[in-house]
Amino acid sequence: MDDRQGSLEWAEQKAKEIATLLLFWYEKNKRLLPWRTTADPYAIWLSEIMLQQTQVDAVIPYYRRFLEQFPTIRDLARAPLEAVLKAWENMGYYSRARHLHAAARLVVDSHGGQLPQDPDDLKALPGIGPYTAGAILSIAFGKPVPAVDGNVKRVLSRLFAVDRPLNDGSTQRYISLLAEKLVPAENAGLFNSALMELGALLCRPGMPTCSACPLTSICLAYAGNSQHQLPVAGKRAKRPHKEAAAVILRDSGNRLLIVQRPADGFLGGLWKFPGGMVNPGETVSEGLKNRCREELNLSVSVREPLLTLQQGYTHFQLTLHVFSGTILEGNPGLPATGNWLWASVGDIRRFPFSRAELRILEALFP
DNA sequence: AACGCGGGGGG
DNA sequence: CCCCCAGCGTT
């Protein structure tokens, strides 16, 4: 976090000019987004959670539906987690939904139903980290604190020509210090939003649109023509490939057997069809039978392949084989964790599923 | 500090 | 194919 170019002091000197240029640009060029027309801290909080690692266009419909279904923190706190997960279905990173729900209950129980304005109280709520706390404090409560997200890191790395890997901890601390120097006493929320908007609209990864940027007169990367080389990327891991299998089992009433995933794990709390990962050394069919026994203490016969699909996740690429099958022995046992039930085709979409299961449903029961 | 956590858009 | 996205929590 050393300040080799003396940029911290320079940032402090240029802060007012940067804020003036940026806010002028923002008022003329900002997108009209639904969370920009509300002053409700809960709505702003919700938008910030949904926007974590998820693009604006993807969030908008979820945001509208969620607020319609859970208009206040108390409504959210009263709701069953399952309903919240259903509202989050297919958006990914479901721990966000679980944490938001838990946080709403904490707010009702410990803060009188109002989102706390104290930074430490805010950060103590599950799902609210440094960025989200800064965003809520500045945008909803008008506090002069920075909000450093991926956009801001990229913008500031160019503005101050930070040539160290962005995902390095010390670089991030340095960027946060820069952001702290820049944030104005007034209009901090607008300023933070403007910095992010600049990153989203102009100062984009790879090929920034410097010709339209209000900050070229300040930008050290632009001055040195290094804007295309910044920010410096860190190294990234390759995604391994994994194999999994699932089975469609029906009872005498033609209902489908579904299983709920453990609350804290991968896709936690969402429902799935019986099955799981195929281990090395197992055939797909063996793996499927073994997973059914482990998962439900169920002996199944694997019949015919119904479909195979590819699904990408953050840390691996999955090939999922789906089979029809029959139960050879007994009824499903209690799984170690979670729950199971028989769902009719008409009812099954009331349960929250991940993208892979949604694709299975779409293919087999359109 | 490194990793787990989804899904989709865009080059 | 790759990267990246209004990051956080755990280890």
Side-chain angles (χ1 to χ4, degrees), chain A residues 30-31 33-36 44-63 85 88-100 102-103 122-140 146-155 165-173 176 179 189 191-201 203-208 228 231-240 242 261-270 309-318 352-359:
Chain A
K30 68 179 175 187
R31 292 168 290 179
L33 302 176
W35 43 89
R36 288 185 176 159
I44 292 165
W45 172 27
L46 175 67
S47 74
E48 294 300 341
I49 300 298
M50 287 187 164
L51 287 162
Q52 288 168 8
Q53 300 293 286
T54 305
Q55 297 183 341
V56 165
D57 289 343
V59 165
I60 290 174
Y62 284 93
Y63 172 83
L85 286 172
W88 215 270
E89 182 183 74
N90 207 30
M91 195 163 46
Y93 283 140
Y94 299 93
S95 65
R96 294 182 295 176
R98 300 195 300 267
H99 289 148
L100 179 66
L122 208 49
K123 273 179 259 192
L125 294 172
I128 299 185
Y131 162 74
T132 305
I136 293 171
L137 288 166
S138 61
I139 297 171
V148 181
D149 75 331
N151 285 308
V152 173
K153 287 178 196 168
R154 184 174 57 256
V155 170
L166 255 198
N167 51 0
D168 196 82
S170 65
T171 310
Q172 299 201 20
R173 282 192 292 279
S176 294
F191 176 82
N192 289 334
S193 299
L195 214 45
M196 292 188 269
E197 192 77 339
L198 187 73
L201 296 184
C203 198
R204 302 162 40 119
M207 30 178 284
H228 300 282
V232 179
K235 49 177 182 285
R236 46 193 63 78
K238 281 207 67 155
R239 290 190 308 179
K242 297 188 181 184
R261 299 170 189 266
D264 289 331
F266 183 61
L267 302 170
L270 303 188
L309 58 87
Q310 307 290 325
Q311 182 67 38
Y313 295 99
T314 311
H315 289 287
F316 58 94
Q317 176 70 32
L318 186 72
F353 293 99
S354 79
R355 175 74 178 137
E357 278 76 28
L358 291 172
R359 289 171 65 190

Looking at the side chain of [X], which of [options] is the nearest nucleotide?
X: Asp149(A); options: dC5(B), dG7(C), dC5(C); result: dG7(C)
X: Arg154(A); options: dC4(C), dG8(B), dC8(C); result: dC4(C)
X: Pro205(A); options: dG7(B), dC4(C), dG7(C); result: dC4(C)
X: Leu33(A); options: dC5(C), dC5(B), dA6(C); result: dA6(C)
X: Arg31(A); options: dG6(B), dA6(C), dG7(B); result: dA6(C)

**Complete:** Contacts of Glu48(A) meeting side chain to side chain donor-acceptor pair (under 3.5 Å) (sequence neighbours excluded), chain-then-number -> Tyr131(A)
Within this structure, what is the [atom1]-to-[atom2] distance between [X] and [N], rounded to whole angstrom?
X: Gln172(A); N: dA2(B); atom1: CD; atom2: C1'; answer: 13 Å
X: Tyr62(A); N: dG6(B); atom1: OH; atom2: C1'; answer: 10 Å
X: Trp45(A); N: dC8(C); atom1: CH2; atom2: P; answer: 14 Å
X: Asn151(A); N: dC5(C); atom1: CG; atom2: C1'; answer: 8 Å
X: Tyr93(A); N: dC8(C); atom1: OH; atom2: P; answer: 12 Å

Just by distance, do the side chain of [X] and the backbone of [Y] share a donor-acceptor pair under 3.5 Å?
X: Arg239(A); Y: Tyr313(A); answer: yes
X: Arg359(A); Y: Gln310(A); answer: yes
X: Arg98(A); Y: Ala263(A); answer: yes
X: Tyr94(A); Y: Glu89(A); answer: no

Measuring only the [atom1] atom in each nucleotide, how far is [N] from [M]? A whole number of Å is fine.
N: dC3(C); M: dC3(B); atom1: P; result: 16 Å
N: dC8(C); M: dG9(B); atom1: C1'; result: 23 Å
N: dG7(B); M: dT10(C); atom1: C1'; result: 22 Å
N: dG4(B); M: dA6(C); atom1: P; result: 24 Å
N: dT11(C); M: dG6(B); atom1: P; result: 16 Å

Under-4.0 Å side-chain N/O to phosphate OP1/OP2 contact, [X] with [N]:
X: Arg96(A); N: dC8(C); result: no
X: Gln55(A); N: dG8(B); result: no
X: His315(A); N: dG4(B); result: yes

Touch check for [X], heavy atoms < 4.0 angstrom, all strands: base, sugar-phosphate only, or nothing?
X: Met50(A); result: nothing
X: Asn90(A); result: sugar-phosphate
X: Ser354(A); result: sugar-phosphate
X: Ser95(A); result: nothing
X: Thr132(A); result: sugar-phosphate

All N/O contacts under 3.5 Å from nucleotides 9-11 of chain C to the protein, with atom names and distances to one decimal?
residue : atom : partner   : partner atom : Å
dG9(C)  : OP1  : Gly127(A) : N            : 2.5

**Request:** Could you grab the distance from atom CZ of Arg355(A) to atom CG of Leu318(A), nearest 0.5 Å is fine?
**Result:** 13.5 Å
**Prompt:** Do the side-chain N and O atoms of Gln52(A) and Arg96(A) include a donor-acceptor pair separated by under 3.5 angstrom?
**Reply:**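 Distance-only check fails for Gln52(A) and Arg96(A).
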**Item:** Asn192(A) versus Gly134(A), closest heavy-atom pair with distance
**Value:** ND2-O, 4.5 Å
**Item:** Residue met sooner reading DNA chain B from 5', once Asn167(A) and Arg204(A) are mapped to nucleotides
**Value:**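 By nearest-heavy-atom nucleotide position, the 5'-most residue is Asn167(A).
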**Asked** Between Asp168(A) and Tyr94(A), which is nearer to the 5' end of DNA chain B once each is assigned its nearest nucleotide?
**Response**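 Nearest nucleotide further toward 5': that of Asp168(A).
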**Message:** Which label fits Phe316(A) and Phe266(A): parallel for a plane angle under 30°, tilted from 30 to 60°, or perpendicular past 60°?
**Reply:** tilted
**Request:** Report the secondary structure of DNA chain B in dot-bracket form, marking unpaired bases with a dot and bases paired to a different strand with |, and treating Watson-Crick or G-U pairs with both distances under 3.5 Å as paired.
**Result:** |||||.|||||
